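Written below as structure tokens is the structure these notes are about.
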Amino acid sequence: QVQLVESGGGLVQTGGSLRLSCAASGRTSSRAAMGWFRQVPGKERESVSVIGWIGIPTYYADSVKGRFTISRDNAKNTVYLQMNTLKPEDTAVYYCAAGSSVADLSSGGGTIYWGKGTPVTVSS
């Protein structure tokens, strides 16, 4: 089992920044692909960004390209999501996920572990 705990969410004004963190524990492996997803009530969970176990490759949803940056520190078993130039449409609960590969995380295949989520609210 892998436990994922997100932090860093909160309320921010349009144009502001937040940095999300996800700490992994349990049967962790720095070889796991990690990612951030988000969900708005009434909508399906969507992929925001995914990162491979050595820091590459990285993938971003078109809606966040150029504004969000994903990174990881394998020594700390932590993945980060730096979110800049936030927009009201970025408001959602953000979930951290871990999977065996970027392909699995992106497609929803294989065993995927999820955190409980951290809410992000961007006010207009």
Side-chain angles (χ1 to χ4, degrees):
Q1 288 289 337
V2 175
Q3 292 80 44
L4 303 172
V5 179
E6 304 96 334
S7 62
L11 174 65
V12 65
Q13 291 185 336
T14 295
S17 298
L18 283 174
R19 189 194 194 203
L20 305 183
S21 299
C22 172
S25 62
R27 295 182 62 183
T28 60
S29 169
S30 63
R31 293 178 179 266
M34 303 285 289
W36 289 95
F37 295 71
R38 66 187 181 188
Q39 188 170 24
V40 175
K43 294 188 177 181
E44 290 188 358
R45 189 174 300 185
E46 64 173 357
S47 174
V48 175
S49 184
V50 179
I51 186 168
W53 70 275
I54 59 171
I56 56 171
T58 57
Y59 294 105
Y60 296 92
D62 288 341
S63 59
V64 306
K65 282 181 181 177
R67 300 188 298 121
F68 291 10
T69 302
I70 191 170
S71 61
R72 64 188 297 166
D73 184 340
N74 287 340
K76 296 181 179 180
N77 287 326
T78 301
V79 64
Y80 306 96
L81 185 68
Q82 178 66 45
M83 305 187 295
N84 298 328
T85 319
L86 283 161
K87 305 175 181 180
E89 50 263 44
D90 294 318
T91 295
V93 177
Y94 284 72
Y95 296 90
C96 177
S100 59
S101 68
V102 168
D104 279 352
L105 270 184
S106 299
S107 67
T111 299
I112 299 176
Y113 298 95
W114 296 94
K116 293 183 178 180
T118 184
V120 171
T121 302
V122 184
S123 63
S124 57

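Scope of the values below: all heavy atoms of this structure, side chains included, with no hydrogens, waters or symmetry mates. What you see is a predicted model, and the numbers here were worked out from it, not measured in a lab.
In the hydrophobic clustering of ILVMFWY residues, with side-chain heavy atoms under 4.5 Å counting as a link, Leu86 and Leu81 come out together. Grouping the Ile, Leu, Val, Met, Phe, Trp and Tyr side chains by contacts below 4.5 angstrom, directly or via other members, places Val93 apart from Phe68. Taken together through direct or relayed side-chain contacts under 4.5 Å among Ile, Leu, Val, Met, Phe, Trp and Tyr, Val79 and Val2 form part of one hydrophobic cluster.
A search for salt bridge (Lys or Arg N to Asp or Glu O under 4.0 Å) contacts involving Glu89 returns nothing, not counting sequence neighbours. The ring-ring contact (aromatic ring centres under 6.0 Å, His included) search around Tyr94 returns none, not counting sequence neighbours. Applying the salt bridge (Lys or Arg N to Asp or Glu O under 4.0 Å) criterion to Asp104, with sequence neighbours excluded, gives no partner residue.
Ion pairing between a basic and an acidic side chain is recognised when a charged N comes within 4.0 Å of a carboxylate O; Lys116 and Glu6 show no such pairing. The existence of a salt bridge linking Asp90 and Lys87 is excluded, since no basic side-chain nitrogen approaches an acidic carboxylate oxygen closer than 4.0 Å.
Counting heavy atoms from C-beta on, the side chains of Leu4 and Tyr95 never come closer than 4.5 Å. Side-chain contact between Ile70 and Val50 is absent, with no heavy atoms from C-beta onward closer than 4.5 Å. At least one side-chain heavy atom of Leu105 sits under 4.5 Å from a side-chain heavy atom of Ile112.
The environment of Tyr59 atom OH is sparse: at most 12 non-hydrogen atoms of other residues, nucleotides or ligands sit within 6.0 angstrom.
Of all non-hydrogen atoms in Ser124 and Thr14, the two that sit nearest each other are CA-OG1, 3.4 Å.
Between the CZ atom in Arg38 and the OG atom in Ser49 there is a gap of 11.0 Å [rounded to 0.5 Å].
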(request) Walk me through it: do Met83 and Val12 pass the test side-chain contact (heavy atoms from CB on, under 4.5 Å)? (result) CA-CA 11 Å; Met83 305 187 295; Val12 65; over 6 Å; no
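A donor-acceptor pair under 3.5 Å is formed between the side chain of Thr91 and the backbone N or O of Pro88.
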